[in-house]
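Note that the structure is predicted; figures quoted are calculated from it, not measured.
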Amino acid sequence: MKVKKLKFISLLLVLAMVLAACNSDSSSGDGNSDKDAKLDIFSWWTGAGEEDGLNALIELFKEKHPDVEVENAAVAGGAGTNAKAVLASRMQGDDPPATFQVHGGAELNEGWVAAGKMEPLNDLYEEEGWEDKFPKDLIDMVSKDGNIYSVPVNIHRGNVIWYNTKVFEENGIEVPTTFDEWFAAADKLKEAGVTPLALGDKEPWTATQVFETTLLGTLGTEDYNKLFTGELSFTDAKVKEAAETFKKMLSYINEDHSSRNWQDASQLVAEGEAAMNVMGDWAKGYFVNDLNLKVKEDFGWTETPETEGEFMVITDTFGLPKGVSNPDDVKKFLSVLGSVEGQDVFNPLKGSIPARTDADVSKYDAYGKETIEEFKQASLVPSLAHGSAAPEGFLTKVNQAVNIFVTQKDVDQFIDSLDQASSELK
């Protein structure tokens with residue numbers, strides 16, 4: 001009797017080991033999915049416009065895949081400051097979200113791909129026929145060593161001046177296209193008692209964005225890109241010229257800039273207390289969705305000085321982290337996100353334009369239509385302030401240097417700080 005009992009127990013143990021092995025195989029990220037796992041979509045989209053766009057995208061996915069349980073795992077914080085910290089903790093602890101928001105360029109490639117944390121998506125691109133649906137330069141921004149690692153859901157433009165049309169009209173201001181024209185307009189506005197440039201650098205990336213657009217306008221696309229490959233030094237005379245221009249621009253900002261965020265600065269423009277601000281076109285989503293302003297009636301836009309024909313790209317992308325238990329579900333979400341339908345339900349609400357070149361232009365407002373056409377023709381350059389142009393270590397030091405410069409305005413010290421930070425690029 002004891003022998004039979006021992007055999008029975010041994011059989012149970014073998015069966016348990018087989019089941020454990022099967023469960024292990026199903027969660028190894030080899031293409032199978034754990035049906036009980038949630039599809040947690042990690043982002044920092046919690047504000048007006050961006051949250052609306054994400055919710056619309058999630059609803060579209062639920063319609064197409066009602067069997068997949070979805071969790072909106074967004075973490076609040078300007079430009080993803082808080083979310084990126086949470087994400088780093090999860091990734092380092094081998095607890096990745098099913099998919100997460102990451103900027104194309106260095107933030108993706110020199111960060112998570114270089115760390116071996118992402119699965120390639122070449123097969124998905126081939127299955128969906130995406131190779132000729134996204135611009136080649138954009139696919140290059142989400143690729144490393146011949147593999148594609150994420151799917152762009154949108155395109156934002158960073159080199160944009162937003163202005164209050166009524167303030168411009170009342171003060172006889174022509175839309176500036178050069179630095180000289182910008183300073184002439186700023187002087188006229190200042191004399192009229194209007195703050196020329198709204199800034200909200202409670203988080204320093206906003207001031208870094210003003211500086212990077214000044215760099216682009218001074219250096220041009222080719223030399224701007226050379227800064228981040230080491231072919232052009234940050235001690236170059238043109239960089240110093242850009243720093244001097246940036247310093248002069250800072251003499252026209254609101255006094256309470258350090259206590260405001262980018263939305264607060266945009267609100268100053270909306271209310272006519274300030275005439276202009278430099279911000280990515282998520283500001284358009286804020287103007288329209290949150291403040292109920294009308295495109296071209298209440299506010300207008302133009303490229304930052306001397307960057308006509310240049311398009312500073314910020315692209316939000318999502319990929320497939322290694323080790324997730326539901327890779328099939330993640331790929332289903334990425335398929336929806338990368339589809340024409342997915343991009344057209346998301347971007348009109350977000351304020352961005354679609355990453356695909358074959359989206360339905362009729363779904364976009366005047367700004368969207370104009371920007372879609374310019375995106376097809378412009379020279380594309382990566383944003384430093386939003387992690388596309390350079391690794392995180394360099395950006396962190398640049399943000400610190402810019403933060404000090406806004407207060408102290410010491411050009412030589414600023415250039416020295418940028419030069420020292422450039423060691424992070426090697």
Side-chain angles (χ1 to χ4, degrees), residues 41-64 72 74 79-80 99-105 108 128 130 133-135 137-139 141-142 150-160 162 262-263 266 279-296 299 301 311-319 333-378 380 383 386 388:
I41 300 166
F42 189 93
S43 76
W44 53 84
W45 286 330
T46 60
E50 58 190 20
E51 184 178 23
D52 296 333
L54 177 59
N55 286 336
L57 187 62
I58 290 173
E59 286 305 310
L60 176 64
F61 177 77
K62 286 179 178 178
E63 287 174 19
K64 295 183 178 295
N72 182 348
T99 188
F100 61 88
Q101 177 187 1
V102 59
H103 290 132
L108 168 68
E128 299 290 340
W130 285 343
K133 303 305 181 195
F134 296 104
D137 287 349
L138 189 61
I139 292 179
M141 286 183 70
V142 296
S150 67
V151 182
V153 66
N154 66 356
I155 297 293
H156 275 298
R157 190 175 198 173
N159 57 317
V160 187
W162 304 94
W262 73 263
Q263 292 100 326
S266 299
M279 188 47 57
D281 49 17
W282 46 89
K284 192 216 75 172
Y286 178 67
F287 284 143
V288 173
N289 297 322
D290 221 46
L291 303 182
N292 298 315
L293 301 185
K294 292 182 180 178
V295 174
K296 283 197 170 181
F299 67 94
W301 60 87
F311 197 115
M312 186 165 279
V313 176
I314 300 117
T315 180
D316 294 299
T317 77
F318 288 79
F333 176 72
L334 296 179
S335 295
V336 173
L337 176 146
S339 68
V340 169
E341 191 178 1
Q343 303 229 331
D344 284 345
V345 79
F346 173 81
N347 287 295
L349 293 171
K350 177 71 162 67
S352 45
I353 63 170
R356 291 181 65 123
T357 57
D358 59 346
D360 184 352
V361 180
S362 70
K363 294 184 181 296
Y364 295 82
D365 62 19
Y367 175 81
K369 288 182 174 71
E370 184 178 302
T371 307
I372 286 169
E373 288 307 308
E374 290 176 357
F375 177 64
K376 292 176 182 176
Q377 301 166 20
L380 307 185
S383 166
H386 297 279
S388 296

Give the C-alpha distance, both sets of side-chain angles, the deciding distance and a yes or no for side-chain contact (heavy atoms from CB on, under 4.5 Å) between Leu54 and Ser43.
-> CA-CA 9 Å; Leu54 177 59; Ser43 76; 3.6 Å; yes
Is there side-chain contact between Ile41 and Phe318, with at least one heavy-atom pair below 4.5 Å?
-> yes
Phe375 side, atom CZ; Leu380 side, atom CG - distance, nearest 0.5 Å = 5.0 Å
Would you give the length of the straight line joining atom CG of Leu108 to atom CZ of Phe100, rounded to the nearest 0.5 angstrom?
-> 7.5 Å
For Asn154 and Asp316, indicate whether the former's side chain and the latter's backbone hold a donor-acceptor pair under 3.5 Å.
-> yes
Counting distance only, does the side-chain N/O of Ser266 pair as donor-acceptor with the main-chain N or O of Ala283 below 3.5 Å?
-> no
Hey, are the side chains of Val151 and Trp130 touching, using non-hydrogen atoms and a 4.5 Å cut-off?
-> yes
Do Met141 and Thr315 come within less than 4.5 Å of each other through their side chains, counting heavy atoms only?
-> yes
Quick one: side-chain hydrogen bond (donor to acceptor under 3.5 Å, both in side chains) partners of Thr99, sequence neighbours excluded?
-> none
State which residues pass side-chain hydrogen bond (donor to acceptor under 3.5 Å, both in side chains) with Asn159; sequence neighbours excluded, sorted by chain then number.
-> Arg157, Thr307
Would you say Gln343's side chain and Ala355's backbone share a donor-acceptor pair under 3.5 angstrom?
-> yes
Under 3.5 Å donor-acceptor, Lys133 side chain and Arg356 backbone = no
Within the 6.0 Å centroid threshold, strictly below: His103 and Trp44 = yes
So, do Trp45 and Phe346 have ring centers that fall under 6.0 Å from each other?
-> yes
Between the side chains of Thr317 and Gln101, is a donor N or O closer than 3.5 angstrom to an acceptor N or O?
-> no
Within the side chain of Asn347, is there an N or O that forms a donor-acceptor pair under 3.5 Å with the backbone of Val153?
-> yes
Sequence-distant partners of Ser339, side-chain hydrogen bond (donor to acceptor under 3.5 Å, both in side chains), two or more places apart | none
Look up atom CG in Asn289 and atom NZ in Lys350, then write down how far apart they are to the nearest 0.5 Å.
-> 10.5 Å
Determine whether the side chains of Trp301 and Glu370 contain a donor N or O and an acceptor N or O closer than 3.5 Å.
-> yes
State whether the side chain of Glu63 and the backbone N or O of Leu60 hold a donor-acceptor pair below 3.5 Å, judged by distance alone.
-> no
Between Asp281 (side chain) and Lys284 (backbone), is there a donor-acceptor pair under 3.5 Å?
-> no
Working to the nearest 0.5 Å, report the span between CH2 of Trp282 and CD of Glu50.
-> 10.0 Å
Describe, in one word, how the ring planes of Tyr286 and Trp262 are oriented to each other, choosing from parallel (under 30°), tilted (30 to 60°) and perpendicular (over 60°).
-> perpendicular
Is a donor on one side and an acceptor on the other found under 3.5 Å between the side chain of Glu374 and the backbone of Lys369?
-> no
Is the gap between the ring centers of Trp162 and Tyr367 under 6.0 Å?
-> yes
